Amino acid sequence: MKSPYEILGVSPNATNEEVKRAYKELAKKYHPDNYVDSPLADMAEEKMKEVNEAYDEILRQRTSNKKSANSNTGAGSSGSNGYYAYDGIRAAINSGDYRTAESMLNNIPQTSRGAEWFFLKGCILVQRGYYFDATRYIDRACELDPNNREYSMLRDNLRVQSQSYGNPNSRPANGGCNMCDICSMLICLDCLCR
């Protein structure tokens, strides 16, 4: 079985930046959008999952090592500093692998769950159609990081959607999409594709 470093093609001595760069290159190479209607789609999906898991494992190991070192010095560590695989979680969400994304999120200790954690949890809940719960998580992300435009845009979009839910005047008479629907959809897609 390959080590996570072998999967990403980097040395165990690689810097965090080198690991991240290798991950991004492989994620771009194996992203499912590159294999739509291709006989290699299943292989690419498996490879993408393997790359995500390897990246997550490397970051988990490095975070564990960092926490051990910090516990000896009395310093704390924070998940908001990028030690967790939030890029990998976003990649899993973008590829539609919500189960993996949620599993990766749940592996982050509660004491290290910051604004990004709550935002990504909310994004997963939006994709699953649990808008009420998603709104609570997105609101929490906005409380923790009130200046983050990505978080506040999704929160505002969810509020607009909830206000128009069940309101017959919020839809055009012909039953099609109005400009607010299209704009809201583009904002959500933009949030998930970063």
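Since this is a predicted model, take the numbers as computed values, not measurements. Nothing fancy with the numbering, it's 1 onward along the sequence.
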**Student:** So, for Ile58 and Val19, which heavy atoms are closest and what is the spacing to 0.1 Å?
**Tutor:** CG2-CG1, 4.0 Å
**Student:** Under 4.5 Å between any side-chain heavy atoms of Ser95 and Glu45, yes or no?
**Tutor:** no
**Student:** Just how far is it from atom CG of Asp145 to atom CG of Asn147, taken to the nearest 0.5 Å?
**Tutor:** 6.5 Å
**Student:** So does Arg60 pair up with Glu57, basic N to acidic O under 4.0 Å?
**Tutor:** yes
**Student:** Measuring only between side-chain heavy atoms, which start at C-beta, is Tyr35 closer than 4.5 Å to Met48?
**Tutor:** no
**Student:** Is there a donor-acceptor pair under 3.5 Å between the side chain of Asn107 and the backbone N or O of Ser103?
**Tutor:** yes
**Student:** Ignoring hydrogens, what is the shortest heavy-atom contact between Lys28 and Asn34? Give both atom names and the distance.
**Tutor:** O-ND2, 2.6 Å
**Student:** As an exercise, state the distance from CD1 of Ile89 to CG of Asp56, rounded to the nearest 0.5 Å.
**Tutor:** 6.5 Å
**Student:** Quick check: do Tyr23 and Val10 have side-chain heavy atoms less than 4.5 Å from each other?
**Tutor:** no
**Student:** Quick one: pull up SG in Cys142 and CZ in Phe118 and give me the separation to the nearest 0.5 Å.
**Tutor:** 12.0 Å
**Student:** Step by step, work out the salt bridge (Lys or Arg N to Asp or Glu O under 4.0 Å) result for Arg90 and Glu116.
**Tutor:** CA-CA 10 Å; Arg90 282 180 179 260; Glu116 181 76 355; 2.8 Å; yes
**Student:** CG/Asn16 to CZ/Arg21 distance, rounded to the nearest 0.5 angstrom?
**Tutor:** 11.5 Å
**Student:** With a 4.5 Å cut-off on side-chain heavy atoms, are Thr100 and Lys49 touching?
**Tutor:** yes
**Student:** Are Asp139 and Arg159 close enough, and set up right, to give a salt bridge (Lys or Arg N to Asp or Glu O under 4.0 Å), and what steps lead you there?
**Tutor:** CA-CA 10 Å; Asp139 284 345; Arg159 286 181 179 165; 3.5 Å; yes
**Student:** Just wondering, do Glu102 and Arg128 contact through their side chains at under 4.5 Å, heavy atoms?
**Tutor:** yes
**Student:** For residues Leu154 and Cys123, report the shortest heavy-atom separation together with the two atoms involved.
**Tutor:** CD2-SG, 3.8 Å
**Student:** Say whether, by atom type as modelled, one donor and one acceptor occur between the side chain of Glu18 and the main chain of Thr15 under 3.5 angstrom.
**Tutor:** yes
**Student:** Given Lys24 and Tyr55, is the side chain to side chain contact (heavy atoms under 4.5 Å, CB included) satisfied, shown in steps?
**Tutor:** CA-CA 10 Å; Lys24 285 185 175 186; Tyr55 184 64; over 6 Å; no
**Student:** What distance separates Leu144 CG from Tyr151 OH, expressed to the nearest 0.5 Å?
**Tutor:** 9.0 Å
**Student:** For a quick test of reading the model, state the closest non-hydrogen atom pair linking Ala115 to Ala141 and the distance between them.
**Tutor:** O-CB, 3.4 Å
**Student:** Show your reasoning for whether salt bridge (Lys or Arg N to Asp or Glu O under 4.0 Å) applies to Lys20 and Glu17.
**Tutor:** CA-CA 5 Å; Lys20 187 174 186 177; Glu17 192 56 42; 5.4 Å; no
**Student:** Indicate whether any N or O donor in one side chain lies under 3.5 Å from an N or O acceptor in the other, for Tyr30 and Glu50.
**Tutor:** no
**Student:** Using modelled atom types and a 3.5 Å cut-off, is there a donor and acceptor pairing between side-chain atoms of Thr135 and backbone atoms of Tyr131?
**Tutor:** yes
**Student:** Could you tell me whether a side-chain N or O of Arg113 sits under 3.5 Å from a main-chain N or O of Asn106, the two making a donor and an acceptor?
**Tutor:** yes
**Student:** Nearest 0.5 angstrom please: Leu40 CG to Glu46 CD, how far?
**Tutor:** 13.5 Å
**Student:** Which atoms form the tightest heavy-atom contact between Leu105 and Leu120, and what is the distance?
**Tutor:** CD1-C, 3.9 Å
**Student:** Specify the closest pair of heavy atoms between Ala92 and Ala101, including all atoms of both residues, with the distance to one decimal.
**Tutor:** CB-CB, 3.8 Å
**Student:** Is there a donor-acceptor contact under 3.5 Å from the side chain of Trp117 to the main chain of Ile108?
**Tutor:** no
